[in-house]
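Note that these values count all heavy atoms, side chains included, but never hydrogens, waters or copies made by symmetry. In listed order, ligands and their atoms are each counted from 1. Because the structure is predicted, anything quoted here is derived from the model rather than measured.
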Amino acid sequence: MISKDIKEYGLSIGYTKVGITSADNFTEYVAEVVSRGDKYDILNFTTTNPVHGATPKNIMQEAKSVIVLIWDYFQNDFPEELKKMIGKIYLARCYNPLPGTIAYSRLQLMKSYLSNNGCMVNSDIGIPARWAAAQAGVTTFGKNNFAYVDDAGSYIVISAIVVDMEMDYDQPTMESKCPPNCKACINACPTKAIYEPFKLDPKKCISFNNWMTQDGRGSISAFIPYELRETIGCKIHECDICQDICPLNQKKLKTPKAVDRYIEQIGQDITLPAILNMTDEFFTNRIKPIMYNYVKDKRYFMRNAAVAMGNSKDQKYVKDLEIALLNPDEMIREYSAWALGKMGGQDSRSVLESRLANESSDNVKKAIKQALA
Ligand code: B12
Ligand code: SF4
Ligand code: SF4
């Protein structure tokens, strides 16, 4: 099978770009991660550690080549209210997609094509995706760390398939197309997570704080530090700020698009009050179809909704937070108290004062006192 056929098949099933690189170890990628010190100890707790995937033979012993597939996930648009709260890659339901979805099936089609043509194949989300894509000549790097494709910009999801055949390899594009003086992404990041061009402190990134902060992840604490809570704004799942500000993305952002009908339909129900006090049914039918892969327990979305409400300072949420202050889950009560404190106003104060007398948990009592102070 020749590389040209693989690329043409990939394009025929809707991929935006297909590139091929050798399955030699990505040693420079590992050196890059190591150079960032303990900032990247978080990779030990990602679903599959990309440092492990940097040796493609760890994914499949017979690995000879890596086929990189780019999918432009911003072909349809999404309701504005949802884009304020949820990253577009999730609204597009394409990253690490679930069986039964179009995105999952597309990757399966590609794998079937390869195996029907005699390749042994394996795919794994742990292969260092941005590095592999630039090695395969399909993307360049932005100073915000993102992989960019001309026209689609950075709104792409990258998938990698390891195969046991040698192929024609593409010329790597380990470069950046950022204008030399541009720092728009660095300046726009509300948490200052991009500390210098091409370098991110992942633990400061909003995207880390609204999903990796879950119990049972080794040294990662479920507690979102107070100073970061304030900078999260109204983001409940991921953040697109450093992409949306980027001049290299403006053409894509401004291109007229049809609205995604499914998200338009279910999105009408997805509001902060509905998330804060959600039922299991709401979690299954409204949250899971979009925010399906990282956060398995509804309590973390409920927590994130409390943070977003507090940051909004919108008094209309006091009643919802009052209900959440009665939630059996201590974490929800604690974050709701924080949110009411952040919101301020006499109504919030009255709710906090009346709850203090009946609260049984010392942690929540402490949060209520801090909020009142
Ligand atoms: C861990 C992880 C996270 C962590 C840490 C992110 C990070 N930047 O490291 C957290 C939870 C914060 C996160 C958040 C997000 N993630 Co994430 N994440 C990953 C994961 C699993 C590994 C990333 C990684 O290797 N980090 C290690 C660091 C060192 O690498 P890097 O950030 O890519 O930085 C590169 C540049 O610095 C470059 N470089 C260094 N110096 C220089 C100098 C020059 C001159 C040049 C040209 C390049 C260059 O080398 C590095 C190696 O690639 C990948 C999937 C995968 N298996 O690879 C997805 C991935 C990076 N995530 C993705 C997405 C979409 C997101 C979010 C946008 C989700 C959202 N909407 O909020 C955010 C964006 C945060 C951000 N600003 O990067 C996509 C990115 C697609 C794209 N266009 O780039 C990926 C590739 C998943 C995928 N398969 O599509 N993520
Ligand atoms: S995703 Fe948001 S928080 Fe993370 S680096 Fe970009 S702007 Fe900053
Ligand atoms: S905002 Fe500017 S510096 Fe940042 S990625 Fe875009 S072009 Fe590069």
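Using a cutoff of 4.0 Å between basic side-chain nitrogens and carboxylate oxygens, Asp170 and Lys7 are scored as salt-bridged. Salt bridge annotation for Lys4-Asp168: absent, with no cationic side-chain nitrogen under 4.0 angstrom from a carboxylate oxygen. The pair Lys84-Glu80 does not count as a salt bridge, with every side-chain nitrogen at least 4.0 angstrom from each carboxylate oxygen.
In this structure, atom 60 (C) of ligand 1 is not in close contact with the protein, since no protein heavy atom lies within 4.0 Å of it. Counting only heavy atoms, the protein gets under 4.0 Å from atom 70 (C) of ligand 1. Protein heavy atoms all stay at least 4.0 Å away from atom 16 (N) of ligand 1.
Of the protein's heavy atoms, Leu43 CD2, 3.5 Å lies nearest to atom 1 (C) of ligand 1. Protein heavy atom nearest atom 64 (C) of ligand 1, with residue, atom name and distance: Phe146 CE2, 4.5 Å. The nearest heavy-atom contact from the protein to atom 5 (C) of ligand 1 is Pro202 CB, 3.8 Å. Scanning the protein heavy atoms around atom 2 (Fe) of ligand 3, the nearest turns out to be Cys182 SG, 2.3 Å. Scanning the protein heavy atoms around atom 32 (O) of ligand 1, the nearest turns out to be Arg130 NH1, 3.0 Å. What sits closest to atom 8 (Fe) of ligand 3 on the protein, heavy atoms only, is Cys178 SG, 2.3 Å. Ranking protein heavy atoms by distance to atom 6 (C) of ligand 1, first place goes to Leu200 CD2, 3.6 Å. The nearest heavy-atom contact from the protein to atom 13 (C) of ligand 1 is Ser207 CB, 4.5 Å. Protein heavy atom closest to atom 6 (Fe) of ligand 3, with residue, atom name and distance, is Cys246 SG, 2.3 Å. In this structure, the protein non-hydrogen atom closest to atom 57 (N) of ligand 1 is Ile125 O, 2.7 Å. Here the heavy atom of the protein found nearest to atom 4 (C) of ligand 1 is Ile42 CD1, 4.3 Å.
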Verdict with supporting geometry, Arg299 and Glu330, salt bridge (charged side-chain N to carboxylate O under 4.0 Å, His left out) = CA-CA 10 Å; Arg299 66 198 291 260; Glu330 190 179 306; over 6 Å; no
message = As a quick check of understanding, evaluate salt bridge (charged side-chain N to carboxylate O under 4.0 Å, His left out) for Asp41 and Lys203, giving each step before the final call.
response = CA-CA 10 Å; Asp41 55 9; Lys203 290 170 202 164; 2.9 Å; yes
request  = Go through the steps for Tyr90 and Tyr294 under the test ring pair (Phe, Tyr, Trp, His ring centres under 6.0 Å), then give the verdict.
outcome  = CA-CA 11 Å; Tyr90 278 90; Tyr294 288 149; 5.8 Å; yes
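Closest to atom 7 (S) of ligand 3 by heavy atom, among Pro179, Gly142, Ala184, is Pro179. Taking each of Phe26, Tyr29, Tyr73, Trp131 in turn, the one with a heavy atom nearest to atom 30 (O) of ligand 1 proves to be Tyr29. Nearest-residue assignment for atom 87 (C) of ligand 1 (options Tyr95, Phe198, Trp211; heavy-atom criterion): Tyr95.
Below 4.0 Å from some heavy atom of Asn144 lie the following atoms of ligand 1, by number and element: 77 (N). Less than 4.0 angstrom separates some heavy atom of Pro50 from each of these atoms of ligand 1: 22 (C). The Glu238 neighbourhood of ligand 1 comprises atoms 69 (C), 70 (C), 71 (N), 72 (O), with distances under 4.0 Å to a heavy atom of that residue. If you number the atoms of ligand 1 from 1 as listed, the ones under 4.0 Å from a heavy atom of Ile127 come out as 56 (C), 57 (N), 58 (O).
Residue Tyr40 has at least one N or O atom closer than 3.5 Å to an N or O atom of ligand 1. Annotation: Lys88 places no N or O atom under 3.5 Å from an N or O atom of ligand 1; distance criterion only. The shortest N/O to N/O separation between Pro128 and ligand 1 does not fall below 3.5 Å. Annotation: Val33 places no N or O atom under 3.5 Å from an N or O atom of ligand 1; distance criterion only.
In Tyr148, the part holding a heavy atom less than 4.0 Å from any atom of ligand 3 is the side chain. Within the 4.0 Å heavy-atom criterion, both parts of Val157, backbone and side chain, lie near ligand 1. Proximity of Lys199 to ligand 1, defined as any heavy-atom pair under 4.0 Å, is not found for any part of the residue. Under 4.0 Å from ligand 1, the heavy atoms of Ile89 that appear belong solely to its side chain.
In the hydrophobic clustering of ILVMFWY residues, with side-chain heavy atoms under 4.5 Å counting as a link, Trp211 and Phe283 come out together.
Listed by chain and number, the hydrophobic cluster partners of Leu248 are Phe146, Tyr148, where partners are ILVMFWY side chains within reach of under 4.5 Å, directly or through others.
Side chain of Asn209 to main chain of Cys205: a donor-acceptor pair is present (N/O by atom type, distance under 3.5 Å, no hydrogens or angles).
Taking a 4.0 Å cut-off on heavy atoms, Tyr148 fails to register as neighbouring ligand 1.
When the options Lys254, Lys88, Lys83 are evaluated for a salt bridge (charged side-chain N to carboxylate O under 4.0 Å, His left out) with Asp244, the one that passes is Lys88.
Excluding waters, the set of protein N, O or S atoms lying under 2.8 Å from atom 8 (Fe) of ligand 2 comprises Cys189 SG.
Listed by chain and number, the residues in a salt bridge (Lys or Arg N to Asp or Glu O under 4.0 Å) with Arg286 are Asp269 (sequence neighbours excluded). Applying the salt bridge (Lys or Arg N to Asp or Glu O under 4.0 Å) criterion to Asp38, with sequence neighbours excluded, gives no partner residue.
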